[in-house]
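These figures come from a predicted structure and were not determined experimentally.
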Amino acid sequence: MLFSRSESPETNKFKCRPGCGACCIAISISSPIPGMKEGKPAGIRCVNLDINNMCLLFGKKERPKVCVSLRPTKEMCGDSFPEAVKYLEKIEKETTP
């Protein structure tokens with residue numbers, strides 16, 4: 001989750017599209033998060049996205065590790081929200097046991 005803010009580490013200059021939120025919807029989160037004590041299933045909107053698809057946990061210690069570690073890339077984000085969702089759904093399926 002990532003992620004909806006425009007912050008990138010020095011090693012990754014690609015930035016999220018503000019208001020996208022695709023990663024906060026398409027991927028699953030197995031750890032408990034505020035408002036979702038059982039985690040978040042893939043395809044379900046995170047309750048921590050505001051109405052502008054901005055992460056309310058960004059920069060906070062409660063933000064899940066999976067969200068903190070996910071870094072946007074051109075391949076992952078594509079040129080649009082639908083492209084990002086399609087890619088993330090593919091990755092989700094490939095990594096689900």
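Between L57 and P34, the closest side-chain pair of non-hydrogen atoms falls below 4.5 Å. Residues C24 and N53 fail the side-chain proximity criterion, which asks for heavy atoms closer than 4.5 Å. Counting heavy atoms from C-beta on, the side chains of M76 and L88 come closer than 4.5 Å.
Distance check, rounded to the nearest 0.5 Å: SG of C55 to CZ of R63 gives 5.5 Å. A distance of 10.5 Å separates CE in M36 from CD in E38, rounded to the nearest 0.5 Å. For the atom pair SG (C20) and CD1 (I25), the distance works out to 8.0 Å, reported to the nearest 0.5 Å. Note that NZ of K90 and OG1 of T95 are 10.5 Å apart. Values are rounded to the nearest 0.5 Å. Distance check, rounded to the nearest 0.5 Å: NZ of K74 to CD of E83 gives 7.0 Å. Atom CD1 of residue I27 and atom CD1 of residue I44 lie 13.5 Å apart, to the nearest 0.5 angstrom.
At distances below 3.5 Å, not a single donor-acceptor pair connects side-chain atoms of K15 with backbone N or O atoms of P72. With R45 contributing its side chain and G21 its backbone, the two residues share no donor-acceptor pair below 3.5 Å. Between the side chain of N52 and the backbone N or O of M54 there is no donor-acceptor pair closer than 3.5 Å.
Closest non-hydrogen pair, D79 versus R17, comes out as C-NH1, 3.9 Å.
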Would you sort out whether V66 and S31 count as a side-chain contact (heavy atoms from CB on, under 4.5 Å), showing the intermediate values? CA-CA 9 Å; V66 68; S31 61; 5.5 Å; no
